[in-house]
Enquirer: 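First the structure, which I've put down as structure tokens, then a few questions once you've had a look.
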There are 2 protein chains.
Amino acid sequence: MKGTDEFSLIKRHFTRPNQRKDVIFGVGDDGAVLRVPEGSQLVVSTDTLVSGTHFLADIDPADLAYKAVAVNLSDLAAMGAEPAWMTLALTLPQVNEPWLEAFSASLFEICQYYGLALIGGDTTRGPLSLTLTIHGHVPAGKALYRSGARVGDWLFVTGKLGDSGAGLQCLLGQLTLPSELHRALQQAHLRPRPRVLAGRMLRGIATSAMDLSDGLASDLQHILTASQVGAVIELNDLPLSEHLLSAMPREQAQAMALTGGEDYELLFTVPEAQKGALATALAEAGADYCCIGQITNGEGIQYRQDGQPVSLSLSGYNHFKDVS
Amino acid sequence: MKGTDEFSLIKRHFTRPNQRKDVIFGVGDDGAVLRVPEGSQLVVSTDTLVSGTHFLADIDPADLAYKAVAVNLSDLAAMGAEPAWMTLALTLPQVNEPWLEAFSASLFEICQYYGLALIGGDTTRGPLSLTLTIHGHVPAGKALYRSGARVGDWLFVTGKLGDSGAGLQCLLGQLTLPSELHRALQQAHLRPRPRVLAGRMLRGIATSAMDLSDGLASDLQHILTASQVGAVIELNDLPLSEHLLSAMPREQAQAMALTGGEDYELLFTVPEAQKGALATALAEAGADYCCIGQITNGEGIQYRQDGQPVSLSLSGYNHFKDVS
């Protein structure tokens with residue numbers, strides 16, 4: 001692998017023909033030059049994935065690239081934005097050509113699917129990690145925030161919750177299951193589907209929205225804090241997959257749905273008057289969703305089981321929580 | 001430090017009142033929402049700094065924050081863009097409050113000076129590194145690229161070259177100098193001044209531009225390749241500081257200017273007809289600059305000393321160069 005240097009490496013693996021007309025200049029200069037459509041605002045989000053913290057060191061590079069893009073797309077989805085551009089900062093302990101080939105092939109596959117252009121980045125040597133900064137567009141004034149939930153709004157989530165958390169336990173060997181079940185849950189963890197279209201359809205309907213990364217119990221607090229409201233959640237209404245219910249007792253599955261994390265589904269609030277519009281919009285987006293509770297004028301989250309208050313002690317994943 | 005978690009940490013150290021009107025929403029949601037001025041294009045650049053690769057592990061956090069922003073600003077300067085917004089992805093081995101306080105104070109100081117708003121980011125646990133993605137504006141069609149150099153254009157650099165490379169040698173203990181000299185060169189390495197105003201003034205004057213990060217000898221090749229031209233450089237015309245010439249013999253200082261790297265000065269080409277406009281523009285920007293050579297119809301770089309061709313064997317810093 002003589003002659004391999006940073007520049008030929010970037011050129012070989014991360015340069016593809018530009019397919020978006022709003023990319024005036026992409027990879028290959030000191031910066032990319034881009035055009036934001038008139039009447040649109042720009043939405044920008046950044047996520048870092050560190051080996052050993054966010055993924056296992058021996059992860060398949062194709063899964064890693066997919067997930068890095070997917071979790072960033074999920075942030076755009078939560079803002080109601082349409083994906084446009086991405087930068088990739090990739091830190092590698094060494095140059096491993098087959099690894100890079102698998103990584104970049106997978107990266108471009110998901111980018112192409114969502115119409116996302118790779119417009120720049122940086123490759124450096126060091127412990128394996130990657131930081132993506134993703135850019136999307138939203139019609140001016142139409143972005144979805146965490147702060148708009150109002151008392152009486154219904155609380156919804158897309159998809160099912162908890163599969164990803166159970167999938168991680170499978171990967172870590174903490175949960176042993178028949179191979180088909182193992183595979184399905186693991187897949188939910190490795191290949192989450194960002195709710196890009198659903199997010200866009202929620203513009204003008206949802207009063208608040210965010211994506212579920214740390215787990216419902218932890219993430220919902222952000223909406224409650226930003227909106228200065230409380231919420232009640234009916235545990236029996238948490239959407240659980242057949243797979244998850246085959247893997248563990250219902251009570252454990254509910255806890256996984258609340259705290260497992262990395263679901264990358266959308267959590268959002270909708271006023272009573274918009275429930276019809278919501279049904280139409282998410283049917284068009286092909287997204288299943290369900291109501292799990294309601295916004296209250298209280299503080300924090302009240303859990304209920306069959307309408308009766310229950311007390312739970314739960315918390316989501318938090319990188320720095322145990323640091324002292 | 002009980003109760004320290006990722007969220008309170010972000011809130012405490014990286015949330016400041018928004019001071020730019022084009023930031024509709026900054027830190028605190030799934031993404032930032034931003035407005036690009038009409039008639040402007042967006043310029044985006046990303047740089048990663050990894051502990052042990054790009055800076056010494058015991059670096060003063062104030063110096064680290066300053067430099068991370070400065071090197072990213074330098075990329076914007078090279079495109080002729082005006083700084084606007086920045087995201088920060090910070091990976092830390094542990095929560096160290098005094099470190100974070102010094103880091104963020106310095107970060108906001110340089111951001112404020114250049115009118116740059118911190119609009120988002122991510123904090124994660126892992127080996128120390130940081131990735132900044134910086135956003136600027138440029139009037140549509142006015143960005144400076146590496147590809148516009150034409151045969152006969154004069155080759156210029158701002159400032160002096162080589163001080164930063166010598167400063168790094170001081171820091172590494174490879175160069176022993178009187179303390180005042182040591183401090184001055186070290187400062188050039190730790191606190192490079194990005195040529196933001198000069199870059200903007202070069203719009204419409206320079207035919208190509210880039211910033212010097214790896215060293216002139218290595219960086220110039222990018223302009224030559226992108227523009228499909230060659231260049232001749234007169235070694236006697238390389239701008240060397242009094243400090244550098246006090247620290248080492250002239251020949252060694254010239255080599256440092258060519259390969260030391262991390263100067264973060266601008267390298268650019270200007271046609272004969274624009275030399276007057278250049279003098280006016282850079283005087284207004286308060287930037288010293290000098291002509292170091294000319295663009296030719298050859299290939300690669302020809303070095304000359306007193307007009308006579310000389311043969312040099314040089315190369316810039318390259319992260320993956322020695323990997324096999």
Side-chain angles (χ1 to χ4, degrees), chain A residues 1-2 4-6 9 24-25 28-36 38 41-48 50-54 75-76 78-79 81 85 87 89 91 94-95 119-127 129 131 133 135-136 138 140 143 145-146 210-211 226 318-321 323-324, chain B residues 1-2 4-6 9 24-25 28-36 38 41-48 50-54 75-76 78-79 81 85 87 89 91 94-95 119-127 129 131 133 135-136 138 140 143 145-146 210-211 226 318-321 323-324:
Chain A
M1 213 178 299
K2 270 182 203 163
T4 294
D5 68 17
E6 185 185 358
L9 192 150
I24 314 296
F25 194 94
D29 211 295
D30 291 297
V33 181
L34 308 154
R35 187 177 52 228
V36 176
E38 264 183 54
Q41 288 166 345
L42 185 70
V43 176
V44 178
S45 184
T46 294
D47 263 306
T48 298
V50 180
S51 178
T53 304
H54 301 92
D75 283 318
L76 285 190
M79 301 297 293
W85 318 306
T87 63
T91 302
Q94 71 275 317
V95 175
I119 53 147
D122 197 7
T123 53
T124 48
R125 186 202 288 260
S129 81
T131 296
T133 301
H135 300 74
V138 70
Y145 296 100
R146 297 175 177 179
M210 68 178 299
D211 76 321
N318 182 324
H319 301 306
F320 284 111
K321 198 172 46 190
V323 177
S324 59
Chain B
M1 214 178 299
K2 269 181 203 164
T4 294
D5 66 18
E6 184 185 1
L9 190 150
I24 314 297
F25 194 94
D29 212 294
D30 291 299
V33 181
L34 308 154
R35 187 178 51 229
V36 176
E38 264 184 54
Q41 288 167 345
L42 185 70
V43 176
V44 178
S45 184
T46 294
D47 263 305
T48 299
V50 181
S51 177
T53 304
H54 301 91
D75 283 317
L76 286 190
M79 301 297 292
W85 317 306
T87 63
T91 302
Q94 72 276 317
V95 175
I119 53 149
D122 196 6
T123 52
T124 48
R125 186 202 288 260
S129 80
T131 296
T133 301
H135 300 74
V138 71
Y145 296 101
R146 298 175 176 178
M210 69 177 299
D211 75 322
N318 182 322
H319 300 305
F320 285 113
K321 198 171 48 189
V323 179
S324 59

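What you are looking at is a predicted structure, and each value in this text was computed from that prediction instead of being measured. Here is the naming used below: chain letters follow the sequence lines, and residue numbers restart at 1 for every chain.
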Enquirer: Heavy-atom pairs under 4.5 Å with chain A - which of B:V50, B:D29, B:I24 has more of them than the others?
Expert: B:D29
Enquirer: Quick check on the interface: out of A:G31, A:G136, A:S45, who has the most heavy-atom pairs with chain B under 4.5 Å?
Expert: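 Option with the top pair count is A:G31.
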Enquirer: Would you say the side chain of A:V44 lies within less than 4.5 Å of the side chain of B:T87, judging by non-hydrogen atoms?
Expert: yes
Enquirer: Which answer fits A:V43, side chain, backbone, both or neither, if we ask what part of it has an atom under 4.5 Å from a heavy atom of chain B?
Expert: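 Interface part for A:V43: both.
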Enquirer: Can you give me the closest heavy-atom contact between A:R146 and B:G28, atom names plus distance?
Expert: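 Looking at all heavy atoms of both residues, the shortest contact is NH1-O, 3.7 Å.
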Enquirer: For A:T131, which atoms come within 4.5 Å of any heavy atom of chain B: side chain, backbone, both, or neither?
Expert: side chain
Enquirer: Contact part of B:A143 toward chain A, heavy-atom cut-off under 4.5 Å: side chain, backbone, both or neither?
Expert: side chain
Enquirer: Non-hydrogen atoms of chain A under 4.5 Å away: do they reach the side chain of B:V36, the backbone, both or neither?
Expert: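 The side chain, not the backbone.
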Enquirer: Decide side-chain contact (heavy atoms from CB on, under 4.5 Å) for A:M210 and A:Y145; before the verdict, give the C-alpha distance in whole Å, the side-chain angles of both, and the deciding distance to 0.1 Å.
Expert: CA-CA 7 Å; A:M210 68 178 299; A:Y145 296 100; over 6 Å; no
Enquirer: How close do A:D122 and B:T48 get, counting heavy atoms only, and between which atoms?
Expert: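 A:D122 and B:T48 have their closest heavy atoms at OD2-N, 2.8 Å.
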Enquirer: For chain B, find which of A:L42, A:T46, A:V33 contributes the most heavy-atom pairs closer than 4.5 angstrom.
Expert: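 Answer, by heavy-atom pair count under 4.5 Å with chain B: A:L42.
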Enquirer: Pick one of side chain, backbone, both or neither for A:A89, based on which atoms fall under 4.5 Å of a heavy atom in chain B.
Expert: both
Enquirer: Specify the closest pair of heavy atoms between B:A78 and A:D30, including all atoms of both residues, with the distance to one decimal.
Expert: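 Reported closest heavy-atom pair: CB-OD2, 3.3 Å.
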Enquirer: Where do B:H54 and A:T124 come nearest, in terms of heavy atoms and distance?
Expert: CE1-CG2, 3.3 Å
Enquirer: Give me the atom names and distance for the closest heavy-atom approach of B:R35 to B:W85.
Expert: O-CZ2, 3.4 Å
Enquirer: Give, as side chain, backbone, both or neither, the part of A:Q41 having an atom under 4.5 angstrom from any heavy atom of chain B.
Expert: both
